[in-house]
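Everything below concerns the one structure shown next.
Naming convention: chains lettered A, B, ... in sequence-line order (proteins, then strands); numbering from 1 in each chain.
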Number of protein chains: 2
Amino acid sequence: MLNLFETAHISASKKRILNSALILFVEKGFFSTSIPDLVRHSGVSTGSIYHAFKDKESLATQLMQHLLETIEAEQLDVLGQHTGVKARYFALVRWMLQFAERYPEAEQFILYARHKEFMPGLAPICSSKPFMILRDVIQEGQDEGVLRPMDVMVASSIAYGSVLRLIQLSLDGVLTTPLMSHFDELTEAAWRALAVETSD
Amino acid sequence: MLNLFETAHISASKKRILNSALILFVEKGFFSTSIPDLVRHSGVSTGSIYHAFKDKESLATQLMQHLLETIEAEQLDVLGQHTGVKARYFALVRWMLQFAERYPEAEQFILYARHKEFMPGLAPICSSKPFMILRDVIQEGQDEGVLRPMDVMVASSIAYGSVLRLIQLSLDGVLTTPLMSHFDELTEAAWRALAVETSD
DNA sequence: GTCTATACTCAGATAGAC
DNA sequence: GTCTATCTGAGTATAGAC
């Protein structure tokens with residue numbers, strides 16, 4: 001699998017620890033992953049783990065922050081390559097599906113983790129920048145009159161809830177076909193629900 | 001809040017333990033809820049908890065099974081009161097929103113809990129009966145030609161992913177307006193995405 | 001910065017009286 | 001069936017050499 005931390009500006013040990021933590025936290029869960037588990041998987045000793053991170057909770061928090069920053073950067077990159085609400089929405093959904101296919105562990109960690117359970121200091125995921133970026137595209141479409149006027153939370157739930165649900169089904173192994181193979185069907189249906197006119 | 005276990009045919013102690021477990025598991029999480037926590041909250045002693053349940057994991061599993069059975073019964077009740085795909089879909093979504101409003105803890109436990117993390121013996125939630133009942137309504141609509149022909153998983157994601165997302169936003173405190181106030185907007189938008197004809 | 005060895009805490013589970 | 005008291009082991013985190 002691809003390593004999300006390869007290009008980050010952090011020490012080699014930190015990278016290995018973060019990478020192992022991501023894999024083990026998703027596979028076994030935060031609480032069922034012990035420090036000895038991390039030592040075995042990463043090849044880094046207990047002492048070095050505690051040298052790099054204050055404690056286990058801080059490790060999880062930094063992992064999440066790193067993932068959210070990466071995601072935000074990719075989203076802004078996608079937005080920079082497209083103009084107009086329809087193109088932007090379709091491109092963002094494409095990116096969401098592709099990200100889930102490329103980095104399934106990262107996707108699972110972000111979507112599934114009960115963050116407040118072991119990262120009480122971190123803001124809830126729904127308040128994070130990446131989720132606001134998604135919502136703002138919908139708001140923008142409503143302001144421009146391209147999307148039907150409706151509660152922006154409801155519109156966002158239609159626009160992205162369906163996508164996240166499909167991703168979840170795929171991560172859970174219920175959906176066995178490739179995520180991207182459903183891109184057209186999914187986006188066209190969602191667009192039909194949201195857009196003012198059916199023909200474009 | 002309403003007690004979901006009041007009418008169940010189980011001993012008084014079991015009811016109190018299950019009720020406390022539901023509340024604490026949602027509030028603090030499974031692993032951060034200790035047996036002493038449960039003893040304090042439920043007023044039932046350690047010995048009695050272990051008399052009623054094999055271990056902590058079994059307690060969580062039985063809690064989940066009980067919730068799923070209750071939900072399945074309510075869903076079948078809703079289906080029995082309606083015929084035709086449109087009426088059934090709308091009624092099911094109404095029930096979903098109302099259930100989340102009445103039993104937020106139960107809803108959170110079912111939606112958020114990383115089940116495989118502490119209930120490895122239980123089938124994943126997406127394979128559970130309640131989720132199959134929801135999907136079958138969509139399948140039925142496609143077979144009848146009322147809904148557009150498309151991958152049933154994609155259609156289900158549109159139909160229910162949007163609803164579940166809105167419920168999640170509400171449970172997370174991001175959506176502050178009552179869930180049911182969005183019923184019309186939500187169902188009409190989803191129906192527009194799924195149905196063969198826009199006017200009914 | 002990295003490691004090994006170790007101390008300390010506390011949760012899960014049991015024993016056995018009532 | 002309910003309780004109190006207790007055991008045991010696992011896991012986090014630290015100390016201190018290299």
Side-chain angles (χ1 to χ4, degrees), chain A residues 5-6 8-64 66 113-122, chain B residues 5-6 8-64 66 113-122:
Chain A
F5 308 102
E6 244 153 42
H9 294 161
I10 45 181
S11 74
S13 296
K14 255 190 161 173
K15 278 183 199 171
R16 291 169 68 186
I17 299 165
L18 286 172
N19 189 50
S20 293
L22 176 58
I23 293 168
L24 293 176
F25 288 172
V26 168
E27 186 185 316
K28 305 155 64 86
F30 175 80
F31 292 100
S32 301
T33 300
S34 66
I35 303 295
D37 286 338
L38 282 167
V39 170
R40 265 187 298 278
H41 192 278
S42 67
V44 177
S45 68
T46 310
S48 295
I49 292 177
Y50 280 93
H51 179 77
F53 301 94
K54 181 177 160 285
D55 53 22
K56 201 179 153 190
E57 181 187 315
S58 164
L59 166 53
T61 305
Q62 287 192 45
L63 173 58
M64 176 60 80
H66 189 83
R114 301 221 37 207
H115 308 117
K116 73 166 179 182
E117 196 169 326
F118 55 92
M119 297 183 289
L122 208 65
Chain B
F5 309 103
E6 245 153 41
H9 295 162
I10 46 181
S11 74
S13 296
K14 255 191 161 174
K15 278 182 199 172
R16 292 170 68 188
I17 299 164
L18 286 172
N19 189 49
S20 294
L22 176 58
I23 293 169
L24 292 177
F25 287 173
V26 168
E27 185 184 315
K28 303 153 65 85
F30 175 80
F31 291 100
S32 301
T33 300
S34 66
I35 303 295
D37 286 338
L38 282 168
V39 170
R40 265 187 298 278
H41 191 277
S42 67
V44 177
S45 68
T46 310
S48 295
I49 291 177
Y50 278 94
H51 178 79
F53 301 95
K54 181 177 159 284
D55 54 21
K56 202 179 155 191
E57 181 186 316
S58 163
L59 166 53
T61 305
Q62 287 191 45
L63 173 58
M64 177 60 81
H66 189 83
R114 301 221 36 206
H115 308 117
K116 74 167 179 182
E117 195 169 328
F118 56 91
M119 298 182 289
L122 209 64

Show me the pairs that pass ring pair (Phe, Tyr, Trp, His ring centres under 6.0 Å) and involve residues 8-41 of chain A, at least two apart or across chains. A/Phe25-A/Phe30, A/Phe30-A/Phe118, A/Phe31-B/Phe31
Quick one: which of A/Glu57, A/Met64, A/Gln62 gives a side-chain contact (heavy atoms from CB on, under 4.5 Å) with A/Leu122? A/Met64
Among all residues two or more places apart in sequence or in another chain, which pass the side-chain contact (heavy atoms from CB on, under 4.5 Å) test with B/Ser45? B/Ser48
Rounded to the Å, how far apart are B/Ile35 CD1 and D/dA10 P? 18 Å
In whole Å, I'd like the distance from the CG atom of A/Asp55 to the C1' atom of D/dG11. 14 Å
If you apply the rule side chain to side chain contact (heavy atoms under 4.5 Å, CB included), what do you find for A/Leu63 with A/Phe53, and how did you get there? CA-CA 11 Å; A/Leu63 173 58; A/Phe53 301 94; over 6 Å; no
Flag, side chain of A/Asp37 to backbone of A/Ser34, donor-acceptor distance under 3.5 Å: yes
Can you tell me how far C1' of D/dT12 sits from NZ of A/Lys56, to the nearest Å? 8 Å
pair A/Leu18-A/Leu22: side-chain heavy atoms closer than 4.5 Å: no
Judged by each residue's nearest nucleotide on DNA chain D, which is more toward the 5′ side, A/Pro36 or A/Gly47? A/Pro36
Report the distance from atom CG of A/Leu24 to atom P of D/dG11, rounded to the nearest whole Å. 13 Å
Name the residue closer to the 5' end of DNA chain D, choosing between A/Ser32 and A/Thr46 according to the nucleotide with the nearest heavy atom. A/Ser32
Considering every strand and a 4.0 Å limit on heavy-atom distances, what is the contact class for B/Ser45: base, sugar-phosphate, or nothing? base
Chain B on DNA chain C: first and last contacting nucleotide, 5' to 3', under 4.0 Å to a heavy atom? C/dA11 to C/dT14
To the nearest Å, how far apart are A/Ile49 CD1 and D/dA13 P? 11 Å
For B/Ser34, answer base if it contacts any base atom (sugar-phosphate contacts may also be present), sugar-phosphate if it contacts only those atoms, and nothing otherwise; contact means non-hydrogen atoms under 4.0 Å. sugar-phosphate
Hey, does the side chain of A/Ser42 reach the backbone of A/Ser20 with a donor-acceptor pair shorter than 3.5 angstrom? no
For B/Ser13, report the nucleic acid contact type (base, sugar-phosphate, nothing); a contact means any heavy atom under 4.0 Å. sugar-phosphate
Distance in angstrom units between A/Lys28 NZ and D/dA10 P, rounded: 13 Å
